[in-house]
Amino acid sequence: MPLSEKEILQWLQETDEARIQELYDAADRVRREYVGDAVHFRGRIEVSNICSRQCGYCGIRASNDTLRRYRLTREEILVCVAQAVKLGYGTVVMQAGEDYGIEAPWMAEIIRTVKRETPLAVTLSLGERSDEELQTWRKAGADRYLLRFETSDPELYVSIHPPAPGQTPNNHRIEQLIRLRDMGYEIGSGVMVGIPGQTLRSLARDIALFRALNLDMLGVGPYLPHPETPLGSRSVRPLPPGEVQVSNAEEMTYRVVALTRMVCPEANIPSTTALATLNAAHGRELGLQRGANVIMPNLTPACYRPYYEIYPAKVCIGETSEQHFEKLRKRVEAMGRRVGTGPGGRTRRVSSP
Ligand code: 5AD
């Protein structure tokens, strides 16, 4: 879509509500034209909340010692996978902290089992891992990998992501995404909206980067402060003169979802759980009406859900997977949309000459 970085910034700065509604309507039209009315459900399995990293915003960061840690067993994961098949999902997303106890051969065997015994697409979201591990999982049959780059502002990135031991302080996630694409994965990324210290200008750059990286999937959600993190209690760094802090309110997140659809018309874009956390009554629907075409219901066994607390008060931690699915299905159908079938990978339109 011919939206320049400058125009993206202008949209982020827009205050006229009628104009903003025009953007939402345009994003909804582009979504319908490129990816249709199907809403794809991806069953999310929160495999482990153990994490070796110290991201300044994240509730499962290594040094949060108020949290009970867990890692699902192979059998527990396969029960969730069977549930995904039963509920008619086309994809399972295995997500975890950067847990090096998730060893490559162990995960590879689980991926092979899922690919052999079910028609599901497998998406991994296991953080920054070595190329060797990523190759092993790709060979085992993993289809997609999610890794948000969080912000394209190098200074802000480094200030909230202490490097892993032996790593230089840099945003290594962007290079990893490119390598994942070369390995044959579909790749997904995204950012948080309203990180303390994030400016409208840098957010416009993030959205322009979505297009430059030609991402297949894009997840954006509001930053939600977690009290057990450094960023949860820190005041915003002073911004350079003329720069504006991004709001973490839902309206700004919808605007980013809509702009993301405009610049990446073919991408799969979820209406995120973080959005539903800000507005439990309508957040998911509004995301789906302003550019999104995916939801990622939680399949994690109910007893572990409270511990995957990347931010406080995540929605739906008290429901069974069936209840959660039924509720979401009804909500999608009430909007005049339908639940997608099959793996729902990226559909590439042949572009006209
Ligand atoms: N608020 C909102 N989103 C968060 N994430 C992590 N911590 C928070 C928070 N406090 C997001 C990050 C990460 C994804 C799994 O969850 O973008 O990539």
Side-chain angles (χ1 to χ4, degrees), residues 42 44-64 66-67 93-99 102 123-129 144-153 156-157 159-162 164 171-174 176-177 180 187-198 202-203 206-207 209-210 215 217-234 236 246-250 252-253 256-257 260 269-279 283 287 294-296 298 300 305 307-315 317:
R42 321 291 201 201
R44 202 154 39 85
I45 308 173
E46 295 159 338
V47 170
S48 160
N49 72 347
I50 299 170
C51 190
S52 58
R53 302 300 291 270
Q54 295 289 4
C55 303
Y57 48 84
C58 183
I60 70 169
R61 66 203 302 274
S63 64
N64 179 5
T66 66
L67 194 63
V93 183
M94 299 205 250
Q95 189 175 355
E98 236 165 87
D99 174 4
I102 295 180
T123 303
L124 302 178
S125 183
L126 303 173
E128 290 177 46
R129 308 287 305 222
R144 311 181 184 135
Y145 204 97
L146 300 176
L147 184 66
R148 289 191 182 174
F149 64 78
E150 315 294 0
T151 172
S152 62
D153 174 341
L156 178 60
Y157 185 89
S159 76
I160 56 178
H161 295 93
N171 191 339
H172 297 280
R173 296 184 181 192
I174 294 173
Q176 180 173 322
L177 284 164
L180 283 159
I187 53 171
S189 193
V191 299
M192 285 179 289
V193 177
I195 307 167
Q198 185 183 41
S202 83
L203 182 56
D206 296 345
I207 297 169
L209 186 58
F210 292 167
L215 290 156
M217 303 166 283
L218 279 154
V220 296
Y223 161 72
L224 301 167
H226 190 298
E228 297 295 332
T229 63
L231 213 59
S233 53
R234 192 171 90 183
V236 176
V246 176
S247 153
N248 67 343
E250 59 180 309
M252 183 51 85
T253 309
V256 178
V257 169
T260 301
I269 302 178
S271 186
T272 54
T273 310
L275 204 44
T277 297
L278 278 190
N279 181 346
V294 165
I295 35 189
M296 299 173 70
N298 201 338
T300 312
R305 285 188 205 178
Y307 305 113
Y308 204 84
E309 197 197 50
I310 52 186
Y311 47 79
K314 255 173 59 186
V315 283
I317 54 175

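Whatever order the structure lists them in is the order used to number ligands and atoms, beginning at 1.
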Fill in: All side-chain hydrogen bond (donor to acceptor under 3.5 Å, both in side chains) counterparts of Thr66, not counting sequence neighbours
Asn64
Worksheet, complete the sentence: Shortest non-hydrogen pair, Cys58 vs Ile310, comes out as SG-CG2, 3.6 Å
Practice prompt. Considering non-hydrogen atoms only, spot the tightest contact between Ala62 and Cys51 and give its length.
Written response: CB-O, 3.2 Å
Worksheet entry | Check: Ser189 side chain, Phe149 main-chain N or O, donor-acceptor pair, under 3.5 Å | yes
Discussion item. Once salt bridge (charged side-chain N to carboxylate O under 4.0 Å, His left out) is applied, do any residues pair with Arg61, and if so which ones, sequence neighbours excluded?
Written reply: none
Fill in: Where at least one partner belongs to residues 47-56, residue pairs that pass salt bridge (charged side-chain N to carboxylate O under 4.0 Å, His left out), sequence neighbours excluded
Arg53-Glu98, Arg53-Glu128
Contact table ligand 1 N or O to protein N or O, d under 3.5 Å:
unit_1, atom_1, unit_2, atom_2, d
ligand 1, 1 (N), Leu224, N, 2.9
ligand 1, 1 (N), Leu224, O, 3.3
ligand 1, 10 (N), Tyr57, O, 3.0
ligand 1, 10 (N), Leu224, O, 2.7
ligand 1, 17 (O), Arg148, NH1, 2.9
ligand 1, 17 (O), Glu150, OE1, 2.6
ligand 1, 17 (O), Glu150, OE2, 3.2
ligand 1, 18 (O), Glu150, OE2, 2.5

